[in-house]
Amino acid sequence: MELIENRYQINGVDPIELCNEYGCPLYVYDASKMEAQYKRMVNAFKVPKLKINYACKAMTNLNVLKLFKSLGAGLDTVSIQEVHLGLKAGFVAEEIIYTPNCVSFEELEAAVALGVKINIDNTSILEQFGDKYPNYPVCIRVNPHIMAGGNSNISVGHIDSKFGISIHQMPLVHRIVESTGLKIEGVHMHTGSDILDVEVFLQGAEILLNIAKTFPDISYIDFGSGFKVPYRVGDIDTNIEELGERISNRFNTFIKEYGREVELAFEPGKFLVSEAGYFFAKVNVVKQTTSTVFAGIDSGLNHLIRPMFYGSHHTIFNVSKPEGRQRFYTVVGYICETDTFGVNRKITEITEGDILGFRNAGAYCFAMSSNYNSRFRPAEVLIHEGKSYLIRERETMQDILKNQVEHSIFDTKNDVVEA
Ligand SMILES: *Cc1c(COP(=O)(O)O)cnc(C)c1O
């Protein structure tokens, strides 16, 4: 986003005009930013075979899935519904990897029927799967027991985590493989979000490569994701270029030793789409209290829950007044819960009716939205080559009522004749 002559612009498009056209609150995504992030990853890793699988749970709009497909990405999915979305967006089954956790065996069977790559993350399911589908090669998700990032909600590789098969259980995995005849075609790790330390990542990679060596039929090794993007001014992101160079060197040595052109795979979500997204909402009330000035917006945790759920920081700015005197505001929502987007944020002086913008609204924002308080989910707009495209309509009362089944059992007769 650029500030040109006191007007914000996303790839040449004025967000205020978008809000006028499509209504507020509104999600807006910049396709060029997603493309740039994808290319940055592709350029960072210099190996014979590289696959970037977009972790679509971050943002599941079909047009965004198609965009990544057109760039050559594969798809990382965590539910059978996401698998269906991927197929609908045009991915072929082999380009989709299904990485579920604690799902039913029936859901895995549905994935087999669709022919997608399957990543299994516990030995109980691995055994059942091997018994039933000995000829359907799978990937195993390994928990390398390394600690990545600072937030335990998003660190999924440590010892208490529910994700993955422990490195200490590899002898059991080998016994299952032997007794069922199942082939292990891939090994995978995903240690959670926000990896800043390249060393930690390399440690995990080393563990995974050592495990891969013990299986003779490996065709891909998936190092997951956890790439950090900047949220605040001055935040550092994962040094993808440094990581790329060091992982590539190590991986190229590995494939020489292994004697086969194994594919190197990653599955970023946040890294590809977070910074491409903006969320815009109108200020309903400016409320001075004894302790602070609240800016109450026409939205809430129903549309953007990350600040309340993870304590994530989203930069908030006044789109209607890019320049001028700044004051401190606590930005809150309209939900009947405490839904604070940001405390004591320095924002250019807010007048009721102004539009506020939120950065980093591409990943886990719309995807986590709900109808709480019976509110409609917002529309989504994609900007591509200076043009805006409506990619999801705002909901209506019909959507709220869609699955409600109304019975007459509690109907009351209203004796009062209404005027
Ligand atoms: C969520 C998820 C990702 C993506 O994580 P980001 O932090 O958004 O990059 C990748 N792999 C798996 C298995 C996931 O569950």
Side-chain angles (χ1 to χ4, degrees), residues 29 33-34 37-38 40-41 44-45 51-60 64-65 68 73-83 85-86 96-103 107-108 111 116-122 138-144 147-158 161-165 186-197 200-201 204-205 208 220-231 235 237-238 240 243 264-277 305-306 309-310 312 314 360-368:
Y29 311 123
K33 183 64 187 175
M34 299 184 210
Q37 289 293 94
Y38 179 81
R40 221 181 123 194
M41 274 211 83
F45 298 93
K51 194 82 193 174
I52 308 296
N53 297 313
Y54 167 52
C56 72
K57 73 175 188 286
M59 191 214 290
T60 43
V64 172
L65 267 53
F68 283 114
L75 203 68
D76 182 76
T77 58
V78 292
S79 70
I80 199 72
Q81 291 78 10
E82 284 186 358
V83 170
L85 283 177
I96 300 176
I97 180 156
Y98 170 58
T99 302
N101 174 258
C102 295
V103 301
E107 198 170 308
L108 281 156
V116 297
K117 285 192 179 125
I118 295 178
N119 192 357
I120 293 182
D121 103 323
N122 68 83
V138 292
C139 177
I140 51 167
R141 177 170 185 169
V142 175
N143 182 345
M147 195 67 176
N151 186 335
S152 66
N153 288 327
I154 50 176
S155 292
V156 293
H158 57 86
S161 166
K162 68 163 184 163
F163 297 98
I165 301 172
V187 287
H188 163 272
M189 69 168 191
H190 172 63
T191 50
S193 266
D194 289 5
I195 288 173
L196 271 183
D197 194 341
V200 174
F201 203 94
L208 202 63
Y220 57 94
I221 297 178
D222 185 338
F223 287 119
S225 176
F227 306 114
K228 188 173 159 47
V229 295
Y231 276 71
D235 262 5
D237 50 351
T238 303
I240 205 94
L243 184 74
L264 172 61
F266 289 96
E267 44 186 41
K270 194 190 274 184
F271 183 82
L272 295 177
V273 298
S274 175
E275 294 163 278
I305 201 174
R306 298 187 77 253
F309 199 33
Y310 300 121
S312 0
H314 290 260
N360 290 86
Y364 309 107
C365 289
F366 184 91
M368 285 188 163

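As the structure lists them, so they are numbered: ligands from 1, and atoms in each ligand from 1. Model, not experiment: these values are computed from the prediction.
To the nearest 0.5 angstrom, Asn119 atom CG is 10.5 Å from Asn101 atom CG. Of the inter-residue distances, the one linking Lys33 atom NZ with Arg40 atom CZ reads 7.0 Å to the nearest 0.5 angstrom. Taken to the nearest 0.5 Å, the CD atom of Gln37 stands 9.0 Å off from the OG atom of Ser274. Between the CG atom of Asn143 and the CZ atom of Phe163 there is a distance of 10.0 Å, given to the nearest 0.5 Å.
For Lys162 against Asp121, the heavy-atom pair with the smallest separation is O-OD2, 3.9 Å. Across Cys56 and Leu75, no two heavy atoms sit closer than the pair CB-CD1, 3.9 Å.
Considering backbone and side-chain atoms alike, Glu267 places an N or O below 3.5 Å from some N or O of ligand 1. Distances between N or O atoms of Phe271 and those of ligand 1 include no value under 3.5 Å. Inclusion of Arg141 in the set of residues having an N or O under 3.5 Å from an N or O of ligand 1 is not warranted. Taking any N or O of Thr99, backbone or side chain, none lies under 3.5 Å from an N or O belonging to ligand 1.
Within the structure, the closest approach of Pro268 to ligand 1 falls below 4.0 Å when heavy atoms are considered. Residue contact annotation: Tyr364 has a non-hydrogen atom under 4.0 Å from ligand 1.
The part of His190 lying near ligand 1 is the side chain, judged by heavy-atom distances below 4.0 Å. At a heavy-atom distance under 4.0 Å, no atom of Phe227 approaches ligand 1.
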Verify salt bridge (Lys or Arg N to Asp or Glu O under 4.0 Å) between Asp222 and Lys117, making sure each step is shown before the conclusion.
CA-CA 12 Å; Asp222 185 338; Lys117 285 192 179 125; over 6 Å; no
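Here is the list of ligand 1 atoms found below 4.0 Å of a heavy atom in Gly269: 4 (C), 6 (P), 8 (O), 9 (O). Ligand 1 places these atoms under 4.0 Å from at least one heavy atom of Ala55: 3 (C), 4 (C), 10 (C). Residue-ligand proximity, Lys270 to ligand 1, at heavy-atom distances under 4.0 Å covers atoms 6 (P), 8 (O), 9 (O).
Between Phe266 and Phe223, the ring planes are tilted. Angles from 30° to 60° get that label.
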